2 protein chains.
Amino acid sequence: MNTSSDVPIDTAAPVLKLLGDKTRLTMAGLLMERECCVCEFTEIFDMSQPAVSQHLRKLRDAGVVLETRRGQWVFYALNTEHKMYPLVKSIMNGMPSQKEKLDELEKNGNHVVWCDTKR
Amino acid sequence: MNTSSDVPIDTAAPVLKLLGDKTRLTMAGLLMERECCVCEFTEIFDMSQPAVSQHLRKLRDAGVVLETRRGQWVFYALNTEHKMYPLVKSIMNGMPSQKEKLDELEKNGNHVVWCDTKR
DNA sequence: TTGACATATAAGCATATTCTTATATAATGA
DNA sequence: TCATTATATAAGAATATGCTTATATGTCAA
């Protein structure tokens, strides 16, 4: 049976492929907790900064995440308006929480909080 | 929060990658309806028989599907006992039904039914 | 304006993926 | 046993992927 919330195979497959990479799947898990700064990703993942950037770009190009610049930092968040968000969410709901990784960062004082002092 | 049904990122990512291919995602959709004979897949997909066989092998190697030989035919079914089955099911539940493709085959008399006349 | 920091892009390389064609294996039935 | 049908495996080619290093761009603050 089809329902109005169904999404074509052709649309879903590329999203699944994106999440089929361990790094990007973990990124999605982190973004389920809260939006994250690129610098947090580069802390967490054992790879070069460009590699992190390229993974984020793929997620962004697919519309799965949204990018926001705040000062010299760029934050990424899950795009909850995206047509594939329900799929992403249902997948991530079965995954272990990545909160500990973020707690670890914050414990080490690496949590970027941006305050617009010019406002 | 983690729950006992959570599955590690390392385990889930390869399954998502498998389903991230349009052909294999459609195969999974077909198998959500019923078990299928290899010959049905070769009818449905516009690719060579070896290509179909190779996709099925990947799904089988990952444990996502089970293979059963019946006479000269080989049938594949979703492995409902596999630890990743809940994930697979939750993904497929959001996908459009592939039942029409199977109905089409059966209408054309291409549905293989195996009866063990030697029994 | 300049230096430092954060991030993105470019280019190149190694490996993975997904086809194809050719061939091997397995089961059936004359 | 032999031909036929169903499926799997092997080998090779084209393309995709994911990393690296080098460099460019954007922002801030002195």
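Values in this document were obtained by computation on a predicted structure and should not be read as measured data. So you know, we letter chains A, B, ... as the sequences are listed, proteins then strands, and number each from 1. Because only heavy atoms are used, hydrogens play no part in the values below, and waters and symmetry mates are left out as well, while side chains stay in.
Between D:dA8 and B:Tyr76, a contact under 4.0 Å exists linking OP1 or OP2 to a side-chain N or O. Contact annotation: B:Ser48 side-chain N/O to C:dC19 OP1/OP2 distance is not under 4.0 Å.
Going from atom CG of A:Leu56 over to atom C1' of C:dA8 covers 11 Å, rounded to whole Å. Nucleotide C:dA6 holds its C1' atom 13 Å from the CD atom of A:Glu43, rounded to whole Å. C:dA26 atom C1' lies 17 Å from atom CZ of B:Arg70, rounded to whole Å. Rounded to an integer number of Å, the gap from CD of B:Glu67 to P of C:dA26 is 12 Å. Rounded to whole Å, the distance from CD on B:Gln49 to C1' on C:dT23 is 11 Å. Taking atom CH2 of residue B:Trp73 and atom P of nucleotide C:dA27, one finds them 13 Å apart after rounding to whole Å. B:Phe75 has its CZ atom 15 Å from the P atom of C:dA27, to the nearest Å. Between the CZ atom of A:Arg69 and the P atom of D:dC28 there is a distance of 8 Å, given to the nearest Å.
Closest contact between the side chain of B:Ser53 and the listed nucleotides C:dA6, C:dT20, D:dA8 involves D:dA8. Distances from the side chain of B:Gln72 to the nucleotides D:dT20, C:dT28, C:dA6 place C:dT28 closest. When each of C:dC19, D:dC19, D:dT9 is scored by its nearest atom to the side-chain atoms of B:Arg60, the top-ranked nucleotide is D:dT9.
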Q | Worked check of side-chain hydrogen bond (donor to acceptor under 3.5 Å, both in side chains) between B:Ser97 and B:Glu33 | A | CA-CA 8 Å; B:Ser97 166; B:Glu33 296 296 326; 2.9 Å; yes

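Checking side-chain atoms of B:Asn79 against main-chain N and O of B:Gly63 turns up a donor-acceptor pair under 3.5 Å. Between the B:His82 side chain and the B:Ala62 main chain, a donor and an acceptor come within less than 3.5 Å of each other. Using a distance-only test at 3.5 Å, with no hydrogens or angles considered, no donor-acceptor pair links the side chain of B:Ser53 to the main chain of B:Pro50.
Residue pairs that meet the salt bridge (charged side-chain N to carboxylate O under 4.0 Å, His left out) test with at least one member in residues 62-86 of chain A, sequence neighbours left out, are A:Glu35-A:Arg70, A:Arg60-A:Glu67. Counting only residues at least two apart or in different chains, salt bridge (charged side-chain N to carboxylate O under 4.0 Å, His left out) contacts with residues 8-21 of chain A comprise A:Asp10-B:Lys22.
Summary of the strand contacts: B:Val38 and A:Gly71 both lie near DNA chain D, and taking for each the nucleotide with the nearest heavy atom, the more 5' one is attributed to B:Val38.
Taken to the nearest 0.5 Å, the SG atom of B:Cys36 stands 15.5 Å off from the CH2 atom of B:Trp73.
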Q. Reading nucleotides 10-18 of chain C 5' to 3', which nucleotides get B (base under 4.0 Å from a protein heavy atom), which S (sugar-phosphate only), which -?
A. BB-----SS

